[in-house]
There are 2 protein chains.
Amino acid sequence: MKTVYERADVVPLLAEIFRELGYEGTTLSRITERTGIGKGSLYHFFPGGKEEMAAAVLADVDGWFERAIYEPLRHDDPRAAIDAMWANVMDYFRSGSRVCLVGAFALDETRQRFSPVIRDYFVRWIEALRQALVRAGCAEDDALAAAEEAVSGIQGALVLSRALDDKEMFRRTLDRLADRLAATKRGG
Amino acid sequence: MKTVYERADVVPLLAEIFRELGYEGTTLSRITERTGIGKGSLYHFFPGGKEEMAAAVLADVDGWFERAIYEPLRHDDPRAAIDAMWANVMDYFRSGSRVCLVGAFALDETRQRFSPVIRDYFVRWIEALRQALVRAGCAEDDALAAAEEAVSGIQGALVLSRALDDKEMFRRTLDRLADRLAATKRGG
DNA sequence: TTTGTATTGTACCGATCAGTACAACTGGCG
DNA sequence: CGCCAGTTGTACTGATCGGTACAATACAAA
């Protein structure tokens, strides 16, 4: 039996590996080892090599957040969209046992390779959340700070819950952040 | 002219490199390139190679936090120690342009190599801060949550301010975290 | 100055890195 | 069936990886 992939099948597999090993830690041999996909296929789908693989993974992640989180925050009912955001984030990061690829890339020199994408991912997240807060009746000044606090808080919870190996801590922190955001909407 | 080092001189130089490049991204040749220290010296000071270098760096970082932050939180005047913590954190991380080595190691598979050290660093930070809050008159239940929130918030601010390349965002977030902690002390 | 120890530069090792070349295979379509 | 574009395994390259060996150097003590 022989498996035949197409590019779209490969990207999520790569994403998981980049997430766990980081950009530098991800080697072609470890990709092959974990997925069974050989160099032939990898360079067929991603002629630009490792860098193109990482770029494709980043674009895929970005697209998911755009559709599942940012877009609803901009246009759907703001309270419902914010509730959905918290639920989606909890699921997506598997209660903290899955890392944010973009956040991880931001920390080391990998950032230099992808800095526009990384920056954009967070800028759009914060801005979409800010808009939702304003639409929910939050004061303009408070909205930006609250949005920054929420997005920053999620990243911190990921780092800390992973360091402590404690999923419960992630859930607890996200609940606290959600409560605080809800208080902001009410003008707290 | 020829520079002669001793081990204690080398550790801080290595720390900066591990911080910027991550564990996997740090190679012996890049260490030599950035510091001028050759393999001969490196393996003389750290016979265990790269892993021992990283362990030494982690121990050094841990020691600094222990002396400069945790110990005052446990024994000095709690309000003064908390104020000093915020000031020290701001300086140490250079307004967000310097990354937390321990947090960075926690995100990728490097965690597996050093998981006890990584966990301990954060556990002791949170516990020391919790004690200070209790001593400052905060309720036991609120103290743990507030301490977790502060430490987690710092890590998030590091990720986000680096992703956005925005030192001001780091300062703003730390100020907000500090205010919130102060409110907790007053029983907010 | 001589001696002994600490430190360092250099040459080298096998393993692994990212990337290339290309022949062999696969599956859909006629 | 035969064709063919898309996909894949394998063998290879030169560079770099972490690590070792050891002779040369620097320096403090006598």
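In what follows, chains carry the letters A, B, and so on, assigned in the order in which the sequence lines appear, proteins first and then strands, with residues in each chain numbered from 1.
When rounded to the nearest whole Å, the span between CD1 of Ile31(A) and C1' of dG9(D) equals 16 Å. Between Phe45(B) atom CZ and dG9(C) atom P there is a gap of 11 Å when expressed in whole angstrom units. Following rounding to the nearest Å, Glu33(A) (CD) and dA15(C) (C1') show an atom-to-atom distance of 15 Å. In this structure, Glu6(B) places its CD atom 11 Å from P of dA28(D), rounding to the nearest Å. The distance between atom CZ of Phe46(B) and atom C1' of dT8(C), rounded to the nearest whole Å, is 15 Å. Going from atom CG of Leu42(B) over to atom P of dT20(D) covers 13 Å, rounded to whole Å. To the nearest angstrom, P of dG18(D) lies 11 Å from CZ of Arg113(B). Taking atom OH of residue Tyr43(B) and atom C1' of nucleotide dT20(D), one finds them 9 Å apart after rounding to whole Å.
The aromatic rings of Phe122(A) and Trp125(A) lie parallel to each other, with less than 30° between the two planes, well short of the 60° mark.
For the salt bridge (Lys or Arg N to Asp or Glu O under 4.0 Å) with Arg130(A), the qualifying choice from Glu140(A), Glu149(A), Glu148(A) is Glu140(A), the only one to do so.
Residue-to-nucleotide contacts include no donor-acceptor pair under 3.5 Å from the side chain of Lys50(B) to the base of dG19(D).
You'll find the side chain of Phe105(A) stays beyond 4.5 Å of the side chain of Val117(A), heavy atoms only.
Closest approach of Asn88(A) and Ala68(A) over heavy atoms only: ND2-O, 3.5 Å.
Listed nucleotides: dA18(C), dT7(C), dC17(C). Nearest to the side chain of His44(B): dT7(C). Which of dT26(C), dC17(C), dG18(D) sits closest to the side chain of Thr27(A) comes down to dC17(C). The side chain of Val4(B) lies closest to dC27(D) when the candidates are dC17(D), dG18(D), dC27(D). For Lys39(B), whose side chain is taken as the heavy atoms from C-beta onward, the closest listed nucleotide among dT20(D), dC17(C), dC17(D) is dT20(D).
Contacts of Thr32(B) with the nucleic acid, taken as non-hydrogen atoms under 4.0 Å apart, are absent.
Between Ser41(A) and dT7(D) there is no side-chain N or O to OP1 or OP2 distance below 4.0 Å.
Judged by distance alone, with hydrogens and angles left aside, the side-chain atoms of Arg119(A) form a donor-acceptor pair with the main-chain N or O of Leu164(B) at under 3.5 Å.
Summary of the strand contacts: Ile37(B) and Glu51(A) both lie near DNA chain C, and taking for each the nucleotide with the nearest heavy atom, the more 5' one is attributed to Ile37(B).
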